[in-house]
Amino acid sequence: MAHVLVVGLSHHSAPVEVRETIALAPEAYPDALGRLANEHEVRECVVLSTCNRSELYAVTDSYHGGRETLERALLALEGAQGRVKDEHLYRLEGAAAVRHLFRVASSLDALVVGEPQVLGQVKDAFRIAHEGEAVGPVLDRLFRQAFEVGKRVRSETEIGAYAVSVSYAAVELAKKIFGPLEGRAALIVGAGETGELTLKHLKAAGVGELFVANRTEESAIALAEAIGGRALGLGGLEAALAQVDIVVSQTGASEPVLKRPVIERAMKARHGRPLFLIDIAVPRDIEPAAGSVYNVFLYDIDDLGRVVTGNKERRAEAADQALEIVQSETARFTKWFEGLEAVPTIVALRDRFDAVRAAETARVLGRLAHLSEHDRRIVEQYGEALVNKLLHGPSAQLRHLGGGDRGVQLASALRYLFRLDEAASQEREAAPAEPDAD
Amino acid sequence: MPVAEFVVALLRWSGVLCAAVASAVFARTLTGPPGAVSPLGPRLVGTAVVFMTAALVVRALELGTVPLVTSVEALFFYAWLLLVIFLLLVRRAAHRTLGVFLVPLATVLAAASAAFMAPPQAVNELFRNRLFALHTVSLFLGYSALSVAFCAGVMYLLLFDEIAHKKVGRMFARLPSLDDLDRLGHRTVVLGFVLLTAGIVIGMVWARREWGVAWVWESKSVWTLLSWSVYLGYLVTRRAAGWQGQRAAWLATLGFALSIFTLLGSNALLSSGKHIF
């Protein structure tokens, strides 16, 4: 009997000091996969390692043996020795393991729920395992379905629709005000971590020109060089306000640096073109009254914080919907996996043959109405014998192979060739549709 | 009802039905998860346009002039134009959510006109005139552009409300940027204003030729002049005082309210005049 297992550690179970010791680069996957695939217990395996998790997925012959093998393999990873302890690991089997992978792929298990990179990392992990021929029919199906789940969660819920960090929320706001940011200019007043991060995001979003204004010219020049912008003294601030579209302010000043009259003058010079002011300084750098000047959008750190809080709540709601998708997909996979066991396949195959036999016998007997009751029974027995004889060999072989690797492959082939899953779902009428081939 | 008329009515209502279903599909983009815009909406609008075009062509052939002789016919033509313009605009991703507002508007207009549509009457010789066709068609083209400006304005105000009050949510996740909406509004007001002006001037030329006077002071022309001046105000304040954004969106909304009243309501206030039809 085959088992789907995952053994691993993540930000839920282990602190960063532990996680970083065994974080594998994708280049190191093939080596780890090779060693794992050589283990007697392991039929199929995939290695997944990101900065927040290191996990081994496998199909094994037995639960206990498989589990021990995976634990050993994980602890043997480079750097793990002595640092990774038993209590850092989680081990999941069957439906729980399937649900876990689906949650990972749809970013429900991520440090920042909804962040989009993880699906790509799962895809990479699968691709590398596939190229190394470590993947068989079970993990192939499992991971392809996981990609489906990730895609469904992204398109059917609002999980990734809202920014959940202050700097990113500021960039999203800028995009909603100005559209694509290509060709727009931004100005940073003062210097600070969040401000620089915001600027980095703005640049990544396409902002072309960056200006840096600071009380001391040296620090302005230093920051300008670091981010590829142009340095200004505070004297150049007002002129710059007429040119740029986005201002990020984070000085340590105790008095507002930008007061309403300055902004009013700037808006006159801008002929009403909108200006987005982001004030992440405490105490605030921009006089709140400046926010009521026409076409000025002013967000201070609390405003951005509220946006982020609201977005997090929305993500949490979306995560609940996403979990429902994960549940139903898990059930779908489990059903398929259980169907791979020999006995259900044999039963389904026999049912299919029997249905054909019954229909054909009825048709033939309908045309041979002159037959006596005795003759009719002979015809019926003939059909039954034919089916029994034809199915005897395959059934015995399949029973013999059981849930072994080859058995699973053959059962899967039989289900495909004779469309056994379709017949089953037609009868129940409730089975979900097959996913598109990826 | 003669068979031909029955077929045309069927075409007309099929168009209305497609537009109504499209409206429902578009409404879902506001309630469903953001990002998942179904291609079904534009396709349904396309089908609606095919049906409505057929109905319009038949009516035009029957009349021997543009199918804008009665106000009900004009309304149907107007609804059709809105859908055609939407299909042209929807190619740009930023305009995709426009359908949420524009398509229901067109659907209501199309349904109302289809409900009151009468069989074609004998056409007054006055209307078999190129100037009449130019006068009405350019006015309705203008009104269509201004309707788009109105929808863009409403969308701007909804999104502006969320951003200005720091309560980003539904609109923030679904509507295009303020800049996109403002530019779409501005362009369509410019276009609409030019067409409106052209329609009025052509009307004056035609009136002078028919009755010897260029301007007839009656309800419809006064209301037209009023909405025309609102749009003039839009363009002037934008250029001279930097009124882009929220104020422009309000002006586009006001201008549209006046235009719709001019189109549908002003006839109720006058019992005689050149614009009675």
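No hydrogens, no waters, no symmetry mates; every other heavy atom, side chains included, goes into these values. These numbers were taken from a predicted model, which means no experiment stands behind them. Lettering follows sequence order; numbering is per chain, from 1.
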Distance (rounded to the nearest 0.5 Å) between A:Ile177 CD1 and B:Asp182 CG: 12.5 Å
Whether A:Asn295 side chain and B:Gln244 backbone form a donor-acceptor pair below 3.5 Å: yes
Interchain contact, B:Leu175 with chain A, by part (heavy-atom threshold 4.5 Å): backbone
Closest non-hydrogen atom pair between A:Tyr299 and B:Ile163, with its separation: OH-O, 2.6 Å
Donor-acceptor pair, side chain of A:Tyr294 and main chain of B:Trp243, under 3.5 angstrom: no
Shortest non-hydrogen contact from B:Val168 toward A:Asn311: CG2-OD1, 4.2 Å
Heavy atoms from other residues, nucleotides or ligands near CH2 of B:Trp13 exceed 12 (cutoff 6.0 Å): yes
Pairwise distance NZ(A:Lys176) to CE(B:Met171) - rounded to 0.5 angstrom: 11.0 Å
Chain B contact via A:Arg314 - which portion, at a heavy-atom distance below 4.5 Å: side chain
Over 12 foreign heavy atoms within 6.0 Å of CZ, B:Arg28: no
NZ on B:Lys166 to CG on A:Asp302, rounded to 0.5 Å: 10.0 Å
Over 12 foreign heavy atoms within 6.0 Å of CD, A:Glu193: no
Side chain / backbone / both / neither for B:Arg183 at chain A, heavy atoms under 4.5 Å: neither
